[in-house]
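Presented below is the structure to which this report refers.
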Amino acid sequence: KKIISKDGRQFQWEKILLATGATLRELQIEGSDLENVFYLKTMSDADKSKEELANVKKVVIVGAGFIGAELASTCRKMGIEVSLIERAELPMERIFGEEIGNYFLDLHQSNGVEVIMNESLKAFNGESKVEAVVTESGRVIECEAVIVGIGVDPNTALGHDLLEVDRGYIVDEFGETSIPDIFAAGDCTMWPYEGTHIHVEHWDHAVNHGKIVAGNMLL
């Protein structure tokens, strides 16, 4: 039970927690470098997008997960016209299932959000700032800003031959990995739920998963 760092230092341990988080996914398509294409992960991201959206009348949101759905609601309350694009059949269906997915679809549509399902982006159009998006089906949607929320990729660079990884670190119901006394929590994990392993990208899960796993490590 020894960790050796790259600079040669050695650390003894009894238990380890892997809390390496995740890396934001970004769209690598034509026009990705245009201004007013926003991602939301840090406080500075939030401040910048909030400032710009104050003067925007039409926004396109890519991804109908937690980030996209919450931002669509916020923008509508600000009086901004919203087109919400999602490549799945229903908003948040992967996490909550068909019934809840239909509920969120109806909720957003009833509040004036244009929800475009089974679609993804091909390009951003504009000179210096984004002026429109082009979908894979060829549809052109004019806008003054785009917010992209297409999820994250778990950071699993810390590896070991005995450490099971499938997208994220595989943990049991206590947060323990396939190596005894090595635990993982938060966005870097895949955890058991109804016979399978799932990954939930939400701050509430990350906070509470960390608390629960920390408690288990102390037992």
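- Side-chain atoms of His209 come within 3.5 Å of backbone N or O of Gly186 as a donor-acceptor pair.
- When side chains are defined from C-beta on, Lys2 counts as touching Ile4, because their heavy atoms get closer than 4.5 Å.
- Judged purely by atom type and a 3.5 angstrom limit, Asn36 has no side-chain atom pairing as donor or acceptor with the backbone of Val130.
- In this model, no donor atom of one side chain and acceptor atom of the other lie less than 3.5 Å apart for Ser32 and Glu26.
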Q: Give the intermediate values and the outcome of side-chain hydrogen bond (donor to acceptor under 3.5 Å, both in side chains) for residues Ser44 and Asp47.
A: CA-CA 5 Å; Ser44 61; Asp47 290 338; over 6 Å; no

Q. Going through the checks in order, is the side-chain hydrogen bond (donor to acceptor under 3.5 Å, both in side chains) test met by Asn155 and Thr23?
A. CA-CA 6 Å; Asn155 295 328; Thr23 300; 2.6 Å; yes

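- Between Arg167 and Glu201, at least one side-chain N (NZ, or NE/NH1/NH2) sits under 4.0 Å from a carboxylate O, which counts as a salt bridge.
- The closest donor-acceptor contact from the side chain of Lys58 to the backbone of Glu81 lies at 3.5 Å or more, if one exists at all.
- Judged by distance alone, with hydrogens and angles left aside, the side-chain atoms of Asp7 form a donor-acceptor pair with the main-chain N or O of Arg9 at under 3.5 Å.
- Remark: side-chain polar atoms of Glu35 are not paired, donor with acceptor, to backbone N or O of Ser128 under 3.5 angstrom.
- In terms of modelled atom types and a separation under 3.5 Å, the side chain of Asn216 and the main chain of Phe174 share a donor-acceptor contact.
- Ile85 pairs with exactly one of Ile61, Thr135, Asn118, Val148 by the side-chain contact (heavy atoms from CB on, under 4.5 Å) rule, that one being Thr135.
- Side-chain contact between Thr20 and Tyr169 is present, with at least one heavy-atom pair separated by less than 4.5 Å.
- Proximity of Thr74 to Leu53: side-chain heavy atoms (C-beta onward) are nowhere separated by under 4.5 Å.
- For the pair Glu164 (side chain) and Ile170 (backbone), a donor-acceptor distance under 3.5 Å is absent.
- A 4.5 Å side-chain heavy-atom check between Val62 and Val60 finds at least one atom pair inside the cut-off.
- Within 6.0 Å of CD on Gln109 lie more than 12 heavy atoms contributed by other residues, nucleotides or ligands.
- Of the possible donor and acceptor atoms, one in the side chain of Glu176 sits under 3.5 Å from a partner among the backbone N and O of Asp181.
- Under the side-chain contact (heavy atoms from CB on, under 4.5 Å) rule, Phe66 has a single partner from Leu71, Ile95, Asp204, which is Ile95.
- None of Ile182, Val213, Thr189 except one satisfies the side-chain contact (heavy atoms from CB on, under 4.5 Å) rule with Val171; the exception is Thr189.
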